[in-house]
Amino acid sequence: MLKTFWRNERGGGEALSFVAIAIILAFFVLAMVEPIHLSRTSDKINGLARYALVLAESQGELSSQALQDVRSRAVHLGLEVSELEIDFRAFHDDGTEKLKGERAEYGERIGVQLSYTKKYDRVTLTNFVLASESKTVKISSPAMYSVSTSHKR
């Protein structure tokens, strides 16, 4: 029966082929939504980390005002501040890490890394049944290093 329907000259085979190809294409399009969404979030985190690094360069530290500025920019980008972790490190000239809260002097190395925990719902198709599952992923910027340009007189 399917063979006669497929060879029917009224266009039934073409319609069936169109539906099958449309379903396959829709599957690939829906499969790309998650990676694109996570990639956009990663780009936001990387840009925010660069901004934090520039603030740290100019001040030699990430002061409470600078941290507040980074957090407000995160809110402007659509990120949840409670899920954002900001790691700032200052280093001595010999390469050893300074204590937490110590500022870097002129010419000393500084480093910034941001991490963001993203929670989202993922829709999957299993045995022709749509299912939703909650996923959590941690997106981190690369550790960015620079030299402090802060100078106290």
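Fair warning: this is a prediction, and the values are worked out from it, not measured in the lab.
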Do Val75 and Leu62 belong together in a cluster built from hydrophobic side chains that touch within less than 4.5 Å?
no

Nearest heavy-atom contact between Val70 and Ala52 is CG2-CB, 3.9 Å

Gap between atom OG1 of Thr136 and atom OH of Tyr120 - 0.5 Å precision
8.5 Å

Should the heavy atoms of other residues, nucleotides or ligands under 6.0 Å from CZ of Arg73 be counted, would the total exceed 12?
no

Let me confirm one number: the CG-CG distance from Leu55 to Leu67, rounded to the nearest 0.5 Å.
9.0 Å

Spacing of Leu84 atom CG and Lys44 atom NZ [to the nearest 0.5 Å]:
12.5 Å

Would you indicate whether Glu133, at its atom CD, is surrounded by more than 12 heavy atoms from other residues, nucleotides or ligands within a distance under 6.0 Å?
yes

Could you tell me whether Tyr106 atom OH has more than 12 heavy atoms of other residues or ligands within 6.0 Å of it?
no

Measure the spacing between CD of Glu102 and CZ of Arg89 and express it to the nearest 0.5 Å.
14.0 Å

Validation row: Glu61, Lys98 side chains within 4.5 angstrom (heavy atoms)
no

Which heavy atom of Phe88 sits nearest to which heavy atom of Gly60, and what is that distance?
CZ-O, 3.7 Å

Does Glu57 offer a backbone N or O that forms a donor-acceptor pair with the side chain of Thr149 under 3.5 Å?
yes

Validation row: Asp69, Tyr51 side chains within 4.5 angstrom (heavy atoms):
yes

Atom pair CD1 (Ile45) and CD (Gln113), whose distance is rounded to the nearest 0.5 Å
11.0 Å

Any side-chain to backbone donor/acceptor pair from Thr41 onto His37? Under 3.5 Å, distance only.
yes

Let me confirm one number: the OG-CD distance from Ser115 to Glu83, rounded to the nearest 0.5 Å.
11.5 Å

For residues Asp121 and Ser134, is any side-chain donor paired with an opposing acceptor at under 3.5 Å?
yes

Is the backbone N or O of Glu80 less than 3.5 Å from a side-chain atom of Tyr116, with the two atoms forming a donor-acceptor pair by type?
yes

Kindly say whether Leu114 contributes a backbone atom to a donor-acceptor pair with the side chain of Ser141 at under 3.5 angstrom?
yes

Residue Lys119 excluded, over 12 heavy atoms near NZ under 6.0 Å
no

Verdict with reasoning, Glu108 to Arg103, per side chain to side chain contact (heavy atoms under 4.5 Å, CB included):
CA-CA 9 Å; Glu108 291 181 330; Arg103 75 185 293 284; over 6 Å; no

Would you call Phe91 and Ile110 a side-chain contact if the rule is heavy atoms closer than 4.5 Å?
no

Is any side-chain N of the basic residue among Arg109 and Glu97 closer than 4.0 Å to the acidic one's carboxylate O?
no

Taking all heavy atoms of Asn46 and all of Ser140, pick out the closest pair and write down the distance.
OD1-O, 4.5 Å

Give a yes or no answer on whether the side chain of Lys118 reaches the backbone of Ile139 with a donor-acceptor pair at less than 3.5 Å.
no

